[in-house]
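What follows is a set of notes on a single structure, which appears directly below.
Numbers restart at 1 for each chain; the letters A, B, ... are given by sequence-line order, proteins then strands. Being a predicted model, the structure only gives us computed values, none of them experimental.
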There are 2 protein chains.
Amino acid sequence: MRPPNPGLRERKKARTRAELQRHALRLFREQGFAETTVDEIAAAADVSRSTFFRYFATKEDVVLFDDVDPLMAEAFAELPPDTPLLTALRTGVTTAFRRLPPEKRELEEVRMALVRSAPELQAAARERSGLTVTAIADQVADTYGRPHDDLDVLLFAGVVAGARLAAQALADRSGEAYIDVLDRVMMRLEDGLPLRELTIGEGSARLAAGIADRAARSDDTSGGASGGAADHRPDAPRREQHRM
Amino acid sequence: MRPPNPGLRERKKARTRAELQRHALRLFREQGFAETTVDEIAAAADVSRSTFFRYFATKEDVVLFDDVDPLMAEAFAELPPDTPLLTALRTGVTTAFRRLPPEKRELEEVRMALVRSAPELQAAARERSGLTVTAIADQVADTYGRPHDDLDVLLFAGVVAGARLAAQALADRSGEAYIDVLDRVMMRLEDGLPLRELTIGEGSARLAAGIADRAARSDDTSGGASGGAADHRPDAPRREQHRM
DNA sequence: CACTATTATGGAACTGAGTCTCATAAAATA
DNA sequence: TATTTTATGAGACTCAGTTCCATAATAGTG
């Protein structure tokens, strides 16, 4: 970007930032994300709390950075023009990832494991992922001259985002590296939608029951406003424990 | 559920809960979610702060309840056994929604508009939605006797979740009711993946540039702790303003 | 080198969400 | 009416995040 003139000041800042990140990552892994306070991180890096927040807007931000996307643009530009969009998105990501220098790649794995371990991080990651539905959709729409509220474009973007979510979940469950899983998932997607042949069939009752079940567990169900009767249980609420 | 014995105590609790919800929703709409404090809500409902947190674990929880899912299970069970899964999921939701009593339906619209307006709420809603990727996947896997880490199952779930995200984004942009948009989006999905014919073609350069651009602005996954040079800008950070 | 303008830093005070504990008041039960 | 159960209010506490200000370090200039 602007490599000339590192300058003492700049070097110092880079060092401070790196130190903060290093200690934060270490502490998070040692004690967990929620269990580590910003003060601890600042103390470990030997700066003040204020300084921490000057470098990172939130505690989550220390973990959320991205070395992959810039490389992706590059990988993208190298593909032949007749590459289908879906294929391009797949190879773009994986190629970019494979081109990461080994240390960064390793760090990336650590980072992703950490994100998976803390729900606050997962949420934050989703939220600021540059490749959420609207971001993908806007890019595609702009590129192909379609309106920003084009159903196909939005759905395409949604499906891609969904595939990423699926890959994350699968990586989590199978223990494989995310990047490999993502590759497989996207390849599968290029073949078309999975499970199209399934009908509710026998499963109907079980599915219905299962859904009702999970629905009951997940939220409240009150009617809320006016006179609604509801289920109340003062003293029950207390936020569900976050699994580590 | 357990309708017998409303009892004075129970009635009081239901009333308190409803009052809290009513005032919270009102205040959120009047001044915005972030701009309303829990103290204000408690004061408006004429209870203590402590009491608020006895009824709702978080500020978000006041808004996040769901009247639709229970009805969905019902709608589901009525479908013929040869209904494709995707179709079932679509009609299940829309039928359930249409069966809501009018006041609840209206409330549901208000609620959804509110959720769309505050990113904290969006995040919380996604997080506790009983129908996230893993929830859908588990249900499908259990029903059809597939392993919980089956790629097709996870991808299917991801695509469904993605379609919902797309519907939300589209509803947001077009101003239409979410439920109608969702119906259209799911129908489109039943026809197969959209935009499969698109290739990067001419767009290659523009797409690549656009991605690099957006990547620079946001991020997701990545590495860069140790020695990584990064961009530093003490005094720049300050959390990005939440658009209302 | 000295002087001045920038800019990073630390400190302190503040807000707001969420937790915890304890004493009290109100409803249920007998 | 007496006793037990349970909802409530009050206060103190933790932690993230913000704002302001005084100070120290660096950059730039004559």
| said: Expressed as a whole number of angstroms, how long is the span from B:K13:NZ to D:dT5:P? | reply: 15 Å
| Any Lys/Arg nitrogen of A:E10 or A:K13 sitting under 4.0 Å from an Asp/Glu carboxylate oxygen of the other? | yes
| task | Using the test side-chain contact (heavy atoms from CB on, under 4.5 Å), find all partners of A:R29 that sit at least two apart in sequence or belong to another chain. | result | A:V110, A:L114
| query | To the side chain of B:T37, which of C:dG18, D:dG17, C:dA17 is closest? | reply | C:dA17
| said: What I want to find out is whether A:R26 reaches A:E30 closely enough, with some N-O distance under 4.0 Å, to be called a salt bridge. | reply: yes
| query | So does A:R9 reach the base of C:dT6 with its side chain, donor to acceptor, closer than 3.5 Å? | reply | yes
| query | Does B:R49 make a side-chain donor-acceptor contact with the base of C:dG16, cut-off 3.5 Å? | reply | no
| field | Side-chain donor/acceptor of B:R54 to base of D:dG9, under 3.5 Å | value | yes
| remark: Rounded to whole Å, the CG-P distance (B:D61 to C:dA17) equals 14 Å
| query | Taking 4.0 angstrom as the limit, do B:R99 and B:E74 come out as a salt bridge? | reply | yes
| task | Could you tell me whether B:R111 sits above the aromatic face of B:F65, with NZ or CZ closer than 6.0 angstrom to the six-membered ring centre and within 45 degrees of the axis? | result | yes
| query | How long is the line joining CZ of A:R17 and P of C:dA8, in whole Å? | reply | 13 Å
| query | Within this structure, what is the CD-to-P distance between B:E120 and C:dG16, rounded to whole angstrom? | reply | 14 Å
| said: Between C1' on D:dG9 and CG on B:D39, what's the gap in Å once rounded to a whole number? | reply: 13 Å
| remark: The answer to which of B:K12 and B:K59 contacts DNA chain C further toward the 5' end, by nearest nucleotide, is B:K59
| request: Could you tell me the separation between the CZ atom of B:F53 and the C1' atom of D:dG9, rounded to a whole number of Å? | output: 14 Å
| Value in whole Å for how far the P atom of C:dG16 lies from CD of B:E60 | 15 Å
| Between D:dG9, C:dA8, C:dT19, which nucleotide has the shortest distance from any of its atoms to the side chain of A:Y55? | C:dA8
| message | Is it the case that the base of C:dG11 and the side chain of A:S50 share a donor-acceptor contact (distance under 3.5 Å, atom types as modelled)? | response | yes
| Whole-Å distance between C:dT7 P and A:R11 CZ? | 18 Å
